[in-house]
S.K.: 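Shown below is the structure under consideration.
Computed over heavy atoms, backbone and side chain alike; hydrogens, waters and symmetry mates excluded.
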Amino acid sequence: MINRGPVDVVVMAVGAPQFDGKVFSELKRQTEAGTIRVLDAMVLLKDAAGRPWALDLEDLPAEQKAAVGFIESGTRGLFDSDDASTLFEGMVPESAVVALAIEHVWAIDLVNALNNAGMETALNFRVPASIVDEAFASLAANK
């Protein structure tokens, strides 16, 4: 029996960051639906001079901290300074990186049901959404 679902680490980069709260709103919605659990988040920025800085979720003002309250405090800190250093190396001035550790909660009951039926995982891999979109576009084009 498993107690945790599989975890994806997703790193997204953007030049000229414009954070409007929509990403965190969607993460909160998915968390409240029981689909995912956001275990940790790291927000890194580089200013115009190339100076790096990290936005610490714990240091946010109360209103903004409430907006990320769906990230369990007990799992925050999975990303560390070594992770930040590695990501800072690839960043250009005036850019941002958001790293997320997302647990697939939906998989827990499914995997446990499969295990209870005597099955074991033989292979598991992730196909990026862009590849899936391309495959279905190709199927549609060939019909």
Side-chain angles (χ1 to χ4, degrees), residues 1-115 119-143:
M1 184 164 121
I2 65 168
N3 297 311
R4 291 272 188 188
V7 174
D8 281 337
V9 173
V10 181
V11 178
M12 296 156 291
V14 63
Q18 298 176 1
F19 297 111
D20 63 4
K22 290 179 183 173
V23 171
F24 282 136
S25 292
E26 181 59 22
L27 289 169
K28 179 179 180 183
R29 188 183 77 74
Q30 293 287 334
T31 298
E32 289 173 347
T35 305
I36 63 169
R37 182 180 298 132
V38 181
L39 302 174
D40 201 4
M42 181 169 56
V43 180
L44 306 175
L45 299 111
K46 271 196 179 179
D47 64 17
R51 289 182 298 257
W53 58 282
L55 178 65
D56 190 339
L57 299 180
E58 298 298 325
D59 294 338
L60 291 172
E63 181 181 308
Q64 292 174 344
K65 189 184 269 189
V68 295
F70 61 89
I71 305 173
E72 296 177 16
S73 60
T75 59
R76 290 183 188 168
L78 293 173
F79 295 120
D80 60 19
S81 59
D82 289 340
D83 297 320
S85 294
T86 299
L87 292 172
F88 277 135
E89 286 178 21
M91 292 176 65
V92 298
E94 297 183 309
S95 68
V97 164
V98 176
L100 299 166
I102 299 173
E103 177 185 8
H104 296 276
V105 177
W106 61 267
I108 296 170
D109 290 338
L110 175 60
V111 169
N112 286 333
L114 292 167
N115 286 341
M119 302 178 129
E120 295 180 10
T121 302
L123 178 64
N124 182 21
F125 62 91
R126 171 69 46 106
V127 178
S130 60
I131 302 297
V132 174
D133 286 344
E134 289 174 16
F136 278 107
S138 177
L139 282 174
N142 290 325
K143 287 187 176 184

S.K.: Backbone N or O of Met91 within a donor-acceptor pair of the Ser95 side chain at under 3.5 Å?
M.R.: no
S.K.: Can you see which heavy atom on Phe70 is nearest to which on Phe24, and at what distance?
M.R.: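 Result for this residue pair: CE2-O, 3.5 Å.
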S.K.: Can you confirm whether Val11 sits close enough to Val98 that some side-chain heavy atom of one is under 4.5 Å from a side-chain heavy atom of the other?
M.R.: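 Side-chain contact under 4.5 Å: no.
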S.K.: Name all residues meeting the side chain to side chain contact (heavy atoms under 4.5 Å, CB included) criterion together with Asp80; count only those two or more places apart in sequence or in a different chain, and write none if there are none.
M.R.: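 Expected list: Asp82, Asp83.
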S.K.: Working to the nearest 0.5 angstrom, can you tell me the gap between Leu44 CG and Ser85 OG?
M.R.: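 Here the rounded value is 9.5 Å.
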S.K.: Could I get the full list of side chain to side chain donor-acceptor pair (under 3.5 Å) partners for Glu72, not counting sequence neighbours?
M.R.: Arg37
S.K.: Determine whether Leu100 and Met12 make a side-chain contact, defined as any pair of heavy atoms from C-beta on separated by less than 4.5 Å.
M.R.: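 A side-chain contact under 4.5 Å exists here.
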S.K.: Evaluate the side-chain contact (heavy atoms from CB on, under 4.5 Å) criterion for residues Ile102 and Leu39: first the C-alpha distance (whole Å), next the side-chain angles of each, then the deciding distance (0.1 Å), finally the verdict.
M.R.: CA-CA 6 Å; Ile102 299 173; Leu39 302 174; over 6 Å; no
S.K.: Where is the tightest heavy-atom contact between Leu45 and Phe88, given as atom of each residue plus distance?
M.R.: O-CE2, 3.6 Å
S.K.: Using a 4.5 Å cut-off on heavy atoms from C-beta on, say whether the side chain of Met42 contacts that of Leu87.
M.R.: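 Heavy-atom side-chain distance check passes, below 4.5 Å.
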S.K.: Any salt bridge between Lys46 and Glu94, counting N to O under 4.0 Å?
M.R.: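 Salt bridge: no.
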S.K.: For residues 53-68, run the donor-acceptor check on the side chains, cut-off 3.5 Å, and write out each pair with its distance to 0.1 Å, sequence neighbours left out.
M.R.:
| unit_1 | atom_1 | unit_2 | atom_2 | d |
| --- | --- | --- | --- | --- |
| Asp56 | OD1 | Glu58 | N | 3.0 |
| Glu58 | OE2 | Arg76 | NH1 | 2.6 |
| Lys65 | NZ | Glu58 | O | 2.8 |

S.K.: Where is the tightest heavy-atom contact between Pro6 and Ala107, given as atom of each residue plus distance?
M.R.: CD-CB, 3.6 Å
S.K.: Asn112: what forms a side chain to side chain contact (heavy atoms under 4.5 Å, CB included) with it, not counting sequence neighbours?
M.R.: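 With sequence neighbours excluded, Asn112 shows a side chain to side chain contact (heavy atoms under 4.5 Å, CB included) to Met1, Ile2, Ile108, Asn115, given in chain and number order.
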S.K.: Table please: side-chain donor-acceptor pairs of residues 29-36 below 3.5 Å, with sequence neighbours left out.
M.R.:
| unit_1 | atom_1 | unit_2 | atom_2 | d |
| --- | --- | --- | --- | --- |
| Arg29 | NE | Glu26 | OE1 | 3.0 |
| Arg29 | NE | Glu26 | OE2 | 3.4 |
| Arg29 | NH2 | Glu26 | OE2 | 2.8 |
| Gln30 | NE2 | Glu26 | OE2 | 2.9 |
| Thr31 | OG1 | Leu27 | O | 2.8 |

S.K.: Can a donor-acceptor pair be found, under 3.5 Å and without considering hydrogens, that links the side chain of Asp40 to the backbone of Leu78?
M.R.: yes
S.K.: Once salt bridge (Lys or Arg N to Asp or Glu O under 4.0 Å) is applied, do any residues pair with Asp47, and if so which ones, sequence neighbours excluded?
M.R.: Arg51
